[in-house]
Every structure is written in C-alpha cells, then in structure tokens.
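Comments concern the structure below.
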Amino acid sequence: MPPRSNSDVRFTSSTVKIPPLAGRNPPPPPPPPFLPHNPLAQLARTKFCSISLLPSQASMPPPRCNSDVRFTSSTVRIPTLSGRNPPPPPPPFLAHNLLSQLARAKSSFDNILDSLISRSLGSIQRHSGARSLRSPLLCSASLSLTGSQPPRQSILCSASLALSQPADSGPPEASVVTQQKSGGHSVSRGDEERVLISEVLVKNKDGEELERKDLEAEAMAALKACRPNSALTVQEVQEDVHRIIDSGYFSSCMPVAVDTRDGIRLVFQVEPNQEFQGVVCEGASVLPTKFLEDAFRYEYGKVVNVRRLDDAITAVNGWYMERGLFGLVSGVEILSGGIIRVQVAEAEVNDISIRFLDRKTGEPTKGKTKPETILRQLTTKKGQVYSMIQGKRDVDTVLTMGIMEDVSIIPQPAGDTGKVDLIMNVVERPSGGFSAGGGISSGITSGPLSGLIGSFAYSHRNVFGRNQKLNISLERGQIDSIYRVNYTDPWIEGDDKRTSRTIMVQNSRTPGNLVHGNQPGDSSLTIGRVTAGIEFSRPLRPKWSGTTGVIFQHAGVRDEKANPIIKDRYSSPLTASGKPHDDTLLAKLETVYTGSGDHGSSMFVFNMEQGLPLWPEWLFFNRVTARARKGVEIGPALFLLSVSGGHVVGKFSPHEAFAIGGTNSVRGYEEGAVGSGRSYVVGSGELSFPLLGPVEGVIFSDYGTDLGSGPTVPGDPAGARLKPGSGYGYGFGVRVDSPLGPLRLEYAFNDRRAKRFHFGVGHRN
C-alpha cells in the first residue's frame, strides 16, 4: 500500500520467510546506539495487559491476493520514558495466578513487536541518520501471514513499520499517527493509541460459553471501560482485567481480540474459581476449630469468592488480634476439589530471660532477686503462642510482688525459627527500710485526741532474694499497743498452686470498753492478747482466694493499774474459764471474693473459726462471720450498699462478743453503744459524689441489731449497761483522698436524737 504524504513519517517494509515451527528465529539485533533510551527495555518494564489477536473463525472478505490469507492486526504505542502508574495489585494469595496469565498474554504480543522492530531497525538507522529522538516514539504495525495447506510449507510474513517524531514546537502529547489496515480498525486520540472495539464477550478459558450465566453477569458487571463500540487503550483493557479478578469469582482472565467482519471483538477468557467444599488449616495450635468452621460456614457449596474469602481471613486475623496473640494467616491456597488450605503462622515463645536495670542509669546491672523467683510468677511459658494481653498480666503480677519499681517485656525474633525471645526488663526497689506513721483507735471514745496512735516499723521486702517479707512493727497509743512480727513467703518453693505462708507472733493491748464500757463510772479496762500462728493462702479461682491456719491465743483483762481482773463493776465475768486468762487454739478458714479491687467494686468475705479443746481448759466454740459489699454507679455518683453479720456457738470469752455501734458500724452512736451479742447484723447505705478535686461528699444511713442475743453473752454486759440492742443512724460528711488513705469526717444523728462527729482513716470495713 503506498504511504500517505507526510513529511515526518517514514515507512519501511520488508518481507521475510518464517521457517516452520521446528526451528526458531535467532534473537533480534540490539537497538540502534543513537537511541538515548532503549524503547524495548522500557516496554518490557511497563506492565501492559497484552491483547492477543487470533484469526477469526467468521467469514471475511477476500484479500487482494491469495485467497487463503487471513489478517490479524495489532497496534501499540511505545510509552514515554516517564513510566506509568501500575494498577492496584490483586489479592496476595492470587497474585501468582494473575501475573502468570498477564505474562503469557504479554509474551505473545511482545514476540510480534520484537519481530517487527528488530527487522526494521536497519532501515531506521539508514533513514534517521544522527537525528536525536527526544520525544515519544509512536509505532504502528500491520502483519499479514500467508499460509498454504501443506503443514510444513514455510509461512510468508510481510511487515511494515512507521516511526514518527512530532515537531519541536508542539508538545509530545500532540503526536498523532494514523494507519489504516484492511480488515481492522485503529484510532489514535491524544497521546495514547486506541483500538475501536465492536463487541465485548466473556467466555471460559477455552473460548466457550460459560456454564453459569450468573458468573458471566458478574464479569460483565465488573467492566467499566470495555463496552461495545468504544475505542480502548491497552491500559483501559488492563484495568478491566483487574476489575474482573477483583470481583473475586475468577482465578484468571485473559483478554483476546478477534478481528471479525463487523470489527474487532474483545473476548475476556476467564477461569472461574471452584465451588467451596471444605477448609484445611495448618499451623494453628490455639485457633478453635469451631471458630474456623463458623468463619467459612456460609461459603459451603458456593463458588469461591476471593472477597468473601478475604473477609473470613480477616475474621481469623481479628481473633488473634483481640486476644493479643502473635498469629496471622500467612497463606491461602485453593486445592483441587474445592478445598481451601489456610496456613497460619503463630509465634511461639522460644526463651524468656530476666535483665536487671540500674535505677539511675538504666544500664544492665546485677540484681538481688533470683531470676527463678520472677520467672515462676509468669503465666507465659516456653512453647506457648505469645500473647500481649497475657504479657501485660505478667507485668502486673511482677509489680504486685512489691519489690520492683518498673517492669517491661520486649519480644524479639529468635533468629529464623519463626519464634520470639522475651526479655523482661526489671528495675528493683530498695529491699528494706524503716517507716513511721499514725492512726486512730476505734475503741477509745473519751477525749478528742485520746484515740491517736503512732507506729514505727522495719520491713524487708526481699529476704534471701526470694521475695520473702519480714515485718517488725510497733504501734503505741494512750492505751493501745501492738508489737508484731510477721514473716511471709508469698509462694512456697516447690508448690504449683501459688500457696503463701505467713508466720505471725503478736502481743497487743486494746481497750475493753467496746463490750464492758459506755457507762459513766466504768473503769478503763484493757484486754491483753498474746497470739502466735501460721496461715496458708492460695488463689482458688479468678478473684477468689482461700486462707486456712492455726492460731493460739492467750487473753486476759486488766484494770487501769494493769492488775488482772475476772469481773467488771457489774459483777459480770470477763473470762469464760473464770481464770485471769483464757487459752484458745483456733482453726481458721476464710474465703474472699474481690472484684476489681476498687472501693466501689463487689466484695464478699466468709470467715469461720473453730476452737479446738486440746486441753480441758481451752475454749470450745464456733464463730462464723460474713460481710458483703456492692457498688452501683449513678452518673458521677456512687451508691454503696454493705452488710455484715455473725454468730457464735459454744463457750467463748465475753469480751469476744460482737460489738455494735461506732465509726465502722452504726454511726451516731459511740463505739459498742448499740449492743453486744452472740449474733449481729449491720447494714449501711452510702451515696458519695465528687465535690472539688480530691474532696467527696457523702450521705449515709446505718442500722444494726444484736438479734436479741445480748442476754446470751456470759454476764449480759449489754443488758447491765442498758444498751438498746438495735439502732440506726444517718448523716452526711466529706472525704479527702490523702497519702495516708481516705480521711473521713462525718456528722451523724441516731434514733435517740443524739448527734456525734466521727473521724476515721481508710474506708469502712
């Protein structure tokens, strides 16, 4: 065909003989040296969605010569050197399918271009001279193949190539090259070469109709640019291929252009995914099987949709994330038969080490605590999948030991094993020291300052580097005095139930007017107790703990001159044995439930003590006490309801009766002024609300009763002092949060119209 008149277009043509398929052409010669950049290399780097042009099966108009010649054509624009933005990638676990399909499509198209360009480069050099190409090159090629019936006869190929460089004055985007070919349609608009498409179809990978029309509709609905009677670029076709893949129903998509009598037909040959029949999970040791089945339950019997499959994978990853576990889905593969194989990577703990840091410099140093003492506190063990939530609980547990100032856990990869090494950084506190403080005794009611007591103590928090604690304390007031030695091992070595052991020796002197007082003329009585015992405690279940132990007590009553006495001024006995002292061996059992540990959280305590008469003089009785607390938030306010009660059966010391009334009982009464009995119940309701900063206001109401058990106490000390046995009080007050604890100042009224101030440190028991 003679070229059109165009000053900046040069045409070259060549006719080559392509040998039979048994052989291959030698590689094309290298590009001309005068090209500043290699357009073929640039084309290879550019991710084209190649369009394979196949001979049409439909009837075509006869060519000008050789009736058995069929034409296929392709048009491509060599891109600018600046490159293109690649389309968004497909899902990672299907990337290899899409890329392999695109690579095969691109390879077929590149073979045509390589043949055309390599055979025409010689002519380009002769006609271009030393001309420098600084603008984009446009390439339009047409190819005709001539074949005959004998299969081994060579095929003739005739090719023509046109290269154009626009004028210097115009922008590169204005370059336009138009070439007409028989049997095809090619249109160029702007800076991209476009091909006019007359028909768009979706078929299977073999070019046949899809069995499922719903999948064909899904593929057609995904197309945006590829419509009948539209001029398309390679980039637009590539983007629609990605849209079909992104619909999630297909594992591959190959665009094929067929030249027909009515124009170019664009066929998307797709391979639908298989129907989902089951799931196999590998590498998941903590992921529940039921959760995995539920995540894929709604996909059974349906064509695998990658998007919904991705939602299931996201749910699995979310399960790990919610629990702070180091795990995620690392791969998904669709096997034959519609089975999906899910591979999960879980990071197991390879090793745990303790690193001590200096308090001042933060540099590694030698610690006083034995590493095994810290390690046994951790619930994270080697071989477990590491959980950040569990690690945080371990940090809190180590801090509650009371010997660490700061604790942190740093996970690090353990080489290429896929596991993690945990390094716990700890900063130790000073292990021992002296302290002083003060408080108020609830048993002294005469005088504004008579109840004040002072305390002095020495404590060692980390005896032998095993977190064992030694505490020696002295509390002294006007009447009160307590000398106490405690030695506690928070976790007995060799025990796997976290059992603690406490050995205690105590000598105390406390006021006796809670039971034998509150009347004018009552002499000041003090109760002296020497106590020694051992207790064992352990956690029973989350928020529950239990304590058991044996305690020996030697108790007696003395007057203000420190002389032992056995009766008060009303001739009521002060001891159960009739001797100056009562000896008791108690077996103790206690169960405690604590909520969050805050003052407003739920709490329940049950305590039972049994006197063991190993000697005839020793007392034999059973005492049961219980108390409970429940808090309810009402906006910014907190309503707290508490109740306590107890009962004693058997022979017990009169001064051990339950005293009712006072700051921690029924407010509005003096300490023990309501009554004392073998049984009691005290209930209280408080409404606290914030006022200003650390200051809170409170409104309260209390009620207490001895349930008519006052006369059953030996000597009836409550009846001799005309105590009512029951009563209530109400009032208001303020509380201030301080370093010593909550300071309580309350003003109360009782049912006998008496008024009284109450001052206390700490929350009510």
Side-chain angles (χ1 to χ4, degrees), residues 368-370 373 400-403 428-444 451-495 498-512 526-538 545-558 562 564 581-590 592 607 609 611-612 614 618-619 653 655-656 740-741 761-762 765:
K368 299 178 181 178
T369 307
K370 295 184 180 299
T373 301
T400 57
M401 295 171 64
I403 59 177
E428 293 181 301
R429 288 181 175 179
S431 56
F434 293 91
S435 61
I440 296 178
S441 172
S442 61
I444 300 179
L452 291 177
I453 59 175
S455 65
F456 182 80
Y458 170 79
S459 61
H460 197 292
R461 304 184 183 91
N462 197 12
V463 179
F464 307 124
R466 297 185 178 276
N467 194 32
Q468 298 175 2
K469 305 180 187 302
L470 174 66
N471 185 276
I472 303 173
S473 62
L474 167 64
E475 296 179 4
R476 182 66 177 172
Q478 182 179 356
I479 298 177
D480 297 62
S481 65
I482 300 176
Y483 303 90
R484 182 186 296 115
V485 178
N486 277 17
Y487 184 80
T488 301
D489 185 355
W491 193 342
I492 300 175
E493 186 175 358
D495 179 78
R498 304 178 71 92
T499 303
S500 65
R501 176 181 55 220
T502 300
I503 300 174
M504 175 267 298
V505 177
Q506 177 177 294
N507 186 353
S508 64
R509 188 179 67 175
T510 58
T526 59
I527 301 173
R529 297 181 177 90
V530 177
T531 305
I534 182 171
E535 294 182 352
F536 298 89
S537 300
R538 70 167 50 168
S545 63
T547 302
T548 184
V550 178
I551 301 172
F552 177 79
Q553 177 177 281
H554 177 78
V557 182
R558 297 177 180 269
H581 297 89
D582 287 333
D583 294 329
T584 307
L585 181 64
L586 294 174
K588 175 183 177 181
L589 179 64
E590 184 179 69
V592 178
N607 183 285
E609 296 175 336
L612 304 176
L614 299 184
W618 291 4
L619 303 183
S653 301
H655 57 78
E656 298 286 353
L740 297 177
V761 179
N765 295 329

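Values reported hereafter were calculated over all heavy atoms of this structure, with side chains retained and with hydrogens, waters and symmetry mates removed.
- Side chains of T488 and Q468: no donor on one and acceptor on the other come within 3.5 Å.
- Shown here are the side chain to side chain donor-acceptor pair (under 3.5 Å) partners of H460, two or more places apart in sequence or in another chain: there are none.
- When the shell of 6.0 Å around CZ of F456 is examined, it contains more than 12 heavy atoms from other residues, nucleotides or ligands.
- With sequence neighbours excluded, the residues forming a side chain to side chain contact (heavy atoms under 4.5 Å, CB included) with M504 are N486, Q506, T531, listed by chain and number.
- Residues forming a side chain to side chain donor-acceptor pair (under 3.5 Å) with T584 (at least two apart in sequence, or on another chain): none.
- Checked against salt bridge (Lys or Arg N to Asp or Glu O under 4.0 Å), E609 has the following partners two or more places apart in sequence or in another chain: R623.
- In this structure F536 satisfies the ring pair (Phe, Tyr, Trp, His ring centres under 6.0 Å) test with no other residue, sequence neighbours excluded.
- E535 is linked by a side chain to side chain donor-acceptor pair (under 3.5 Å) to K588, counting only residues two or more places apart in sequence or in another chain.
- Residues meeting the side chain to side chain donor-acceptor pair (under 3.5 Å) test with D582, sequence neighbours left out: S577, S653.
- Listed by chain and residue number, S537 satisfy the side chain to side chain contact (heavy atoms under 4.5 Å, CB included) test with S500 (two or more places apart in sequence, or in another chain).
- Checked against salt bridge (Lys or Arg N to Asp or Glu O under 4.0 Å), R501 has the following partners two or more places apart in sequence or in another chain: D489.
- With sequence neighbours excluded, the residues satisfying ring pair (Phe, Tyr, Trp, His ring centres under 6.0 Å) with Y458 are F434.
- For R461, there are no salt bridge (Lys or Arg N to Asp or Glu O under 4.0 Å) partners at least two apart in sequence or on another chain.
- Partners of R538 by salt bridge (Lys or Arg N to Asp or Glu O under 4.0 Å), not counting sequence neighbours, listed by chain and number: D495.
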